[in-house]
Structure formats: C-alpha cells, structure tokens
**Q** 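I am attaching a structure below and will ask some questions about it afterwards.
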Amino acid sequence: MSAEERVVVGRKTPRDGKLEVSAGLARALGGHGTEVLIRGAGSEERGVVSVLPCTCEKAGASGKHEHHFVQCDAFRQLEVGSDLQLRAEGGELEVLAGP
C-alpha cells in the first residue's frame, strides 16, 4: 500500500517532533507503533507512527477523534507553516519540500 499527501508543518512540530498525517498515510506506513525509515534532504532518519485519541472540535457529536503522526527528532528542525510533500510506501516515508 502506498499514499501521497501534502501537509503543512504545525505549530507544535518543532517542540515535539510530531508531524501530523492522514489516517491513510499512517496506514500505508504500517499503522500505530510501526518504526519507519524517513528520507529527505539527503539524509535518513528513523521515526515511528503514532495515534493519539482526542476530543478536539473535529470530534463532532461522537466526542471521539484520533490524530495520526509520524514522530522523528529531525522534524524538530522544520519551520512552522512549511509545505511538505509526503510519499509513503512499505515502511518508508519520503519527505520533500512543498510545491
């Protein structure tokens, strides 16, 4: 399974190293707890897929919602608001500068 998406670096990413991704991209990487190889800007790093339950406004009437992340210390260097293009396949995530 593979997935591709564009994301914008959130305000918390430089603090916690967590880059929010879609549920589909998280699944393409192997789901919660999966260790992944992250490639970008000529380097390779290790990261992990995580899922956090949440009760934010996206939860709606059900009161339940999940946020999906790939966590990696290298993501702490990303600038808030930056556009990134992500490609996931077979436990590997390629991170490219946005459009």
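Hydrogens, waters and symmetry mates are skipped; everything else that's a heavy atom, side chains included, is used.
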**Q** In the structure I gave you, are the side-chain heavy atoms of L86 and L19 within less than 4.5 Å of one another anywhere?
**A** yes
**Q** With side chain to side chain contact (heavy atoms under 4.5 Å, CB included) as the criterion, how do D83 and R6 come out once you've worked through the C-alpha distance, each side chain's angles and the decisive distance to 0.1 Å?
**A** CA-CA 7 Å; D83 287 319; R6 182 178 157 267; 2.7 Å; yes
**Q** Sequence neighbours left out, what passes salt bridge (charged side-chain N to carboxylate O under 4.0 Å, His left out) with E89? Give chain and number order.
**A** none
**Q** Indicate the atoms forming the closest heavy-atom contact of A28 with A3, along with that distance.
**A**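 That would be CB-CB, 3.8 Å.
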**Q** Is there a path of hydrophobic side-chain contacts, each under 4.5 Å between heavy atoms, that joins F69 and L29?
**A** no
**Q** State the CD-CG distance between E45 and D73, to the nearest 0.5 angstrom.
**A** 8.0 Å
**Q** Any side-chain heavy atom of L78 within less than 4.5 Å of one from V95?
**A** no
**Q** For a 4.5 angstrom cut-off between non-hydrogen side-chain atoms, does F75 reach I38?
**A** yes
**Q** Does E92 have any salt bridge (charged side-chain N to carboxylate O under 4.0 Å, His left out) partners at least two apart in sequence or in another chain, and if so, which?
**A**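 In terms of salt bridge (charged side-chain N to carboxylate O under 4.0 Å, His left out), with neighbours along the sequence ignored, E92 is linked to R39.
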**Q** Check side chain to side chain contact (heavy atoms under 4.5 Å, CB included) between V48 and all other residues, then give those that pass, not counting sequence neighbours.
**A**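 Scan of V48 (side chain to side chain contact (heavy atoms under 4.5 Å, CB included), adjacent residues dropped) gives Q71.
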**Q** Working to the nearest 0.5 angstrom, can you tell me the gap between L37 CG and E94 CD?
**A** 10.5 Å
**Q** Could you tell me which residues satisfy side chain to side chain donor-acceptor pair (under 3.5 Å) with E5, sequence neighbours excluded, listed by chain and number?
**A**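 Side chain to side chain donor-acceptor pair (under 3.5 Å) list for E5, sorted by chain: S22.
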**Q** Quick one, P53 and H65 - any side-chain contact, counting heavy atoms below 4.5 Å?
**A** no
**Q** Do the side chain of S2 and the main chain of A88 share a donor and acceptor less than 3.5 angstrom apart?
**A**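 Side chain of S2 to backbone of A88, a donor-acceptor pair under 3.5 Å: no, none is there.
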**Q** Can you name the nearest heavy-atom pair linking V80 to G10, along with the distance?
**A**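 Taking every non-hydrogen atom into account, CG2-O, 3.7 Å.
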**Q** NZ/K18 to CZ/R76 distance, rounded to the nearest 0.5 angstrom?
**A**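 Nearest 0.5 Å value for the NZ-CZ distance: 9.5 Å.
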**Q** With ILVMFWY side chains joined below 4.5 Å, transitively, what does V8's cluster contain besides itself?
**A**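 None, because no other hydrophobic side chain comes under 4.5 Å of this residue.
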**Q** Is the shortest side-chain heavy-atom distance between V70 and V21 below 4.5 Å?
**A** yes
**Q** Mind checking the NE2-OG spacing from H32 to S50? Nearest 0.5 Å is all I need.
**A** 7.0 Å
**Q** Suppose we screen for side chain to side chain contact (heavy atoms under 4.5 Å, CB included). Which residues come up paired with E66, at least two apart in sequence or across chains?
**A** V51, H68
